[in-house]
Protein chains: 2
Amino acid sequence: MKRRTRQRECILEILKGVRTHPTADWIYEEARKSFPNISMGTVYRNLKVLQQEGVITELDLSGTMSRFEFKQDRHYHFRCENCGRVIDFNEPVDKGLDRRVERRTGLKINCHLLEFRGLCKKCQSVN
Amino acid sequence: MKRRTRQRECILEILKGVRTHPTADWIYEEARKSFPNISMGTVYRNLKVLQQEGVITELDLSGTMSRFEFKQDRHYHFRCENCGRVIDFNEPVDKGLDRRVERRTGLKINCHLLEFRGLCKKCQSVN
DNA sequence: TTAGGTGCAAAACCTTTGCCATCCC
DNA sequence: GGGATGGCAAAGGTTTTGCACCTAA
């Protein structure tokens, strides 16, 4: 049975307290402020556990490093092609899309992911 | 200036001749049939060159390994959560979405990626 | 008490890179 | 000829894992 350890709580609190979509590495650095000896292994293991419990989500759209977020309602993402930042996006989710496509194709569809790409405001003004 | 080498041609032909979305590793194994000594380094370098030339696309939707495809019109993808297979998808692309969202948000949007997740027909019948 | 968790370090995995020989243009 | 490319091997970056020691329940 899963335990509630201080390290796991810490990682969860970090994700709760942030509106960005941090990488494992960033979470690790943050967690070290409370647990100087915490290891990347622990971070990854706990991120996996929290995912399995459904408390957090791994954004596995694109890119090299995984990014994580505290679970929220269905929403889409925007990724800046210049700085890599990921922004939540409140374009309304099309609830019926999956069912429509399922009927048309015979595939069993669980969900869909939509990611916009472009330049965030900050990077627009710099370039 | 870019040269036309036999290895590069080979890799391109492999991607042209296939309707799947192979990983670099699969392409490597395939290319070895023609060039037994070809190396992964060459495969990756050429995949990068071909991308820069705009002849192929790297699907950087999700997952650990990159997948590549010969360039085609905008389309969406379906990924089987059981076997990992990626299938092209002819759900009509919403051409106006990017502009609408751009006007609403002030972000500069270049494109959007849409990926459906679920079970392909083969995996549905097995489970 | 004890199964589950942590830290540490090493391994695994995918991708990139340095070097030098080779090949196109 | 000479810069672009290939093969090889080593390095890089991210994630996973084995193991011995802890710790929450």
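Proteins get letters first, then strands, A, B, ... in listed order; numbering begins at 1 in each. What you see is a predicted model; the values in this text were computed from it and never measured.
- Separating the CE atom of B:Met40 from the P atom of D:dA10 is a distance of 17 Å, rounded to the nearest angstrom.
- If you take CH2 of B:Trp26 and P of C:dC14, they are 17 Å apart, rounded to a whole angstrom.
- A:Ser66 places none of its side-chain heavy atoms less than 4.5 Å from the side chain of A:Leu59.
- Legend: ring-ring contact (aromatic ring centres under 6.0 Å, His included) pairs involving residues 4-51 of chain B, not counting sequence neighbours, sorted by first then second residue: B:His21-B:His77.
- With respect to A:Glu58 and A:Arg67, no salt bridge is recorded, no charged nitrogen being found less than 4.0 Å from a carboxylate O.
- One can place OH of B:Tyr44 at 13 Å from C1' of D:dG13, the figure rounded to the nearest angstrom.
- As rounded to whole Å, 8 Å separates atom P of C:dT16 from atom CD of B:Glu58.
- For the pair A:Thr42 and C:dG7, the criterion of a side-chain N or O lying under 4.0 Å from OP1 or OP2 is met.
- With salt bridges taken as basic N to acidic carboxylate O contacts below 4.0 Å, none links A:Arg6 and A:Glu9.
- Side-chain nitrogen and oxygen atoms of B:Gln7 include none within less than 4.0 Å of the OP1 or OP2 phosphate oxygen of C:dC23.
- Proximity of A:Ser39 to the phosphate of C:dA9: no side-chain N or O atom is located under 4.0 Å from OP1 or OP2.
- Between the side chain of A:Thr105 and the backbone N or O of A:Val101 there is at least one donor-acceptor pair closer than 3.5 Å.
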Output a table of nitrogen or oxygen pairs between the protein and nucleotides 19-24 of chain D separated by less than 3.5 Å.
residue: D:dT23; atom: O2; partner: A:Arg3; partner atom: NH1; Å: 2.7

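- When ring centroids are compared, B:His112 and A:Phe89 stay outside the 6.0 Å threshold.
- Rounded to whole angstrom, the span from the CD atom of B:Gln51 across to the C1' atom of C:dT15 amounts to 13 Å.
- Of the two residues near DNA chain C, B:Gly41 and A:Lys2, the one whose nearest nucleotide lies more 5' is A:Lys2.
- In this structure, CD1 of B:Ile27 is placed 14 Å from P of C:dC14, rounded to the nearest angstrom.
- A side-chain contact (heavy atoms from CB on, under 4.5 Å) with B:Phe68 is found for exactly one of B:Ile14, B:Ile11, B:Leu15, namely B:Leu15.
- When rounded to the nearest whole Å, the span between CZ of B:Arg67 and C1' of C:dT15 equals 16 Å.
- When heavy atoms are screened at a 4.0 angstrom cut-off, B:Asp25 is found touching no nucleic acid atom at all.
- Residue A:Asn37 has no polar side-chain atom (N or O) positioned under 4.0 Å from OP1 or OP2 of C:dT6.
- Summarising the geometry, the separation between CZ on B:Phe35 and P on D:dG6 is reported as 9 Å, rounded to the nearest angstrom.
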